[in-house]
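So that the names make sense, note that chain A is the first sequence line, chain B the second, and so on, each numbered from 1.
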Protein chains: 2
Amino acid sequence: MGEDAPVTDGRRLRGLRRRAEIIEATLRVVRRDGAAGVTHRTVAREAGIPTSLTTYYFATLDDLLVAALSSVADTYTARIRAIADAGGDILRGLAELIAESAGPGRERALAERELSTLAARRPALRPVARRWRDNVAELARARSADPDAVAALVAAADGLCAGVLLDPDSADVERIRAVLGRALAADTAPAP
Amino acid sequence: MGEDAPVTDGRRLRGLRRRAEIIEATLRVVRRDGAAGVTHRTVAREAGIPTSLTTYYFATLDDLLVAALSSVADTYTARIRAIADAGGDILRGLAELIAESAGPGRERALAERELSTLAARRPALRPVARRWRDNVAELARARSADPDAVAALVAAADGLCAGVLLDPDSADVERIRAVLGRALAADTAPAP
DNA sequence: ATACAACTAGTACTTTCGTTCAACTAGTTG
DNA sequence: CAACTAGTTGAACGAAAGTACTAGTTGTAT
């Protein structure tokens with residue numbers, strides 16, 4: 001990894017920027033057409049670069065998918081940490097995050113879900129997929145010491161997200177929060 | 001269905017059998033390579049028939065996927081109804097069903113999950129995907145009248161299944177049952 | 001400035017995809 | 001028996017895929 005590059009910044013930086021560009025283009029493709037739509041060619045076309053560049057930076061399609069989807073996971077992680085740091089109603093913050101999957105965040109949520117589905121089959125993606133669950137678990141541990149309760153919340157959050165994706169009309173923040181609260185077996189009553 | 005076919009049995013029956021054969025072959029491909037691996041050619045090869053036959057019975061790939069995945073959903077539905085009819089510990093039956101996803105039922109569970117992921121993108125698959133959740137919900141209503149509790153159980157079951165798929169080592173029936181019980185907010189203590 | 005490594009670009013090869021088509025077989029009907 | 005239709009077959013098409021290769025460009029170090 002790091003390999004404390006003796007190479008000076010000029011070239012390396014340009015390369016990293018290209019890399020980031022390609023990852024972003026990949027994410028746009030995933031959001032539009034799903035993980036199945038990701039090919040060297042579609043990504044290159046989306047980024048406006050020749051096909052050979054995508055294969056130069058990502059030798060195999062799997063490399064590309066891993067990079068792109070772990071990038072998605074990173075932004076998700078940041079969101080969850082923000083909820084934890086805000087220090088307010090954690091469950092409500094989580095519920096709002098989940099409810100987003102019905103509207104503006106739908107494509108991102110879909111990409112997340114395709115990641116975890118892919119991860120079950122490709123070991124390379126598994127640790128990335130687990131990161132999401134670990135973050136939610138950590139969030140839950142702030143509210144309950146019972147491992148079963150924590151597991152219940154993580155599972156419920158995942159399942160609720162899937163449900164919202166399946167019919168977006170059911171995405172009501174209050175309701176989601178109530179369900180989450182029930183899973184955590186903590187104060188199910190809404191805050192005053 | 002019945003549609004009191006004026007056609008005599010010979011041709012019609014042969015056709016239906018072919019149809020079923022192709023669907024089965026499709027499921028084997030899905031279980032082995034995922035939904036992305038389903039093509040007219042791979043399915044035909046798996047079934048040992050020429051490619052043109054699969055297009056004869058299923059004009060488009062979507063038709064084939066819908067048929068195959070709704071077949072999976074049917075067997076799942078049957079399993080859940082069996083749990084309900086057994087009349088014993090419903091949560092335990094559900095936990096056992098989920099725990100199966102770590103072992104022998106892993107491929108089937110994976111196929112189910114790919115269905116619901118696909119369903120979020122293709123409206124044609126949506127009702128099929130919802131059937132699974134509706135069945136679990138019905139199962140839960142036998143134990144609780146609180147809609148939030150029912151929703152929590154459905155979500156938890158879905159999320160637990162995803163978790164087991166992600167790391168099969170965590171598939172402990174007792175633990176899963178405990179988590180499910182907590183979600184339903186019903187007797188979390190194990191049976192005597 | 002020269003040499004070298006990182007980067008960019010274009011192109012070509014091979015495979016596989018979805019789909020179509022004309023011909024052939026075998027049951028059904030009149 | 002003859003006409004008809006559902007079922008079946010193998011071959012073929014163009015489009016798009018993954019990958020590999022070669023030539024050219026740019027920035028860095030000696």
Side-chain angles (χ1 to χ4, degrees), chain A residues 1-26 28-30 32-68 118 121-122 124, chain B residues 1-26 28-30 32-68 118 121-122 124:
Chain A
M1 298 302 166
E3 77 236 330
D4 33 339
V7 186
T8 37
D9 290 353
R11 290 175 299 185
R12 176 63 59 105
L13 265 187
R14 239 188 357 170
L16 286 184
R17 244 169 82 165
R18 264 280 186 259
R19 232 183 116 87
E21 266 181 48
I22 294 176
I23 289 180
E24 269 181 48
T26 305
R28 285 198 297 273
V29 173
V30 172
R32 188 183 349 112
D33 305 324
V38 173
T39 75
H40 278 139
R41 282 183 153 83
T42 55
V43 169
R45 198 180 314 138
E46 175 71 31
I49 57 177
T51 312
S52 47
L53 265 192
T54 65
T55 69
Y56 176 77
Y57 284 98
F58 302 93
T60 137
L61 265 188
D62 265 28
D63 292 344
L64 186 53
L65 278 177
V66 170
L118 232 58
R121 233 176 256 280
R122 308 198 201 188
Chain B
M1 299 299 170
E3 77 232 338
D4 35 336
V7 186
T8 36
D9 290 350
R11 291 175 298 185
R12 174 65 60 107
L13 265 187
R14 241 186 357 169
L16 286 184
R17 242 167 84 167
R18 264 279 186 262
R19 230 183 119 86
E21 266 180 49
I22 294 176
I23 290 181
E24 271 182 46
T26 305
R28 285 197 297 274
V29 173
V30 173
R32 189 187 342 116
D33 305 324
V38 173
T39 73
H40 278 140
R41 283 182 155 82
T42 55
V43 169
R45 199 180 313 138
E46 175 71 32
I49 57 176
T51 312
S52 43
L53 255 194
T54 65
T55 69
Y56 177 77
Y57 283 99
F58 302 93
T60 137
L61 264 189
D62 265 28
D63 291 346
L64 185 52
L65 277 177
V66 170
L118 232 58
R121 233 176 255 281
R122 308 198 201 188

Salt bridge (charged side-chain N to carboxylate O under 4.0 Å, His left out) pairs, two or more places apart, involving residues 51-66 of chain B: B:D62-B:R122

Each stem that DNA chain C is part of, given as range with range (3 or more consecutive Watson-Crick or G-U pairs, under 3.5 Å): C:1-30 with D:1-30

Between C1' of D:dG27 and CZ of A:R17, the distance in whole Å: 15 Å

B:R18 side-chain N/O to D:dT8 phosphate OP1/OP2 under 4.0 Å: yes

Base-contact (B) and sugar-phosphate-only (S) positions in nucleotides 12-22 of chain D, heavy-atom cut-off under 4.0 Å, - elsewhere: B----BBB---

Nearest-Å distance for atom pair CD1/C1', residues B:I49 and D:dG7: 12 Å

Sugar-phosphate only, base, or nothing, as touched by B:F58 at under 4.0 Å among non-hydrogen atoms: nothing

With A:R32 via side-chain hydrogen bond (donor to acceptor under 3.5 Å, both in side chains) - residues at least two apart: A:E46

Nearest-Å distance for atom pair CZ/P, residues B:R19 and D:dG7: 11 Å

Residues forming a side chain to side chain contact (heavy atoms under 4.5 Å, CB included) with A:V38, sequence neighbours excluded: A:T26, A:V29, A:V30, A:V43, A:L61, A:L64, A:L65

CD1 on A:I23 to OH on A:Y57, rounded to 0.5 Å: 11.5 Å

Spatial distance of atom CZ (B:R18) from atom OH (B:Y56) [nearest 0.5 Å]: 11.5 Å

Interatomic distance where CD belongs to A:E21 and P belongs to C:dT8 [whole Å]: 9 Å

Phosphate OP1/OP2 of C:dT8 contacted by A:Y57 side-chain N/O (<4.0 Å): yes

Integer-rounded Å distance: C:dT19 C1' and B:D63 CG: 14 Å

A:T42 side chain near A:D33 side chain, heavy-atom distance below 4.5 Å: no

By side-chain hydrogen bond (donor to acceptor under 3.5 Å, both in side chains) - contacts of B:T51 (at least two apart): none

Value in whole Å for how far the C1' atom of C:dG18 lies from OH of B:Y56: 19 Å

Interatomic spacing from OG1 in B:T55 to CZ in B:R41 - rounded to 0.5 Å: 10.5 Å

Protein-nucleotide distance (A:I22, atom CD1; C:dC7, atom P), rounded to Å: 11 Å

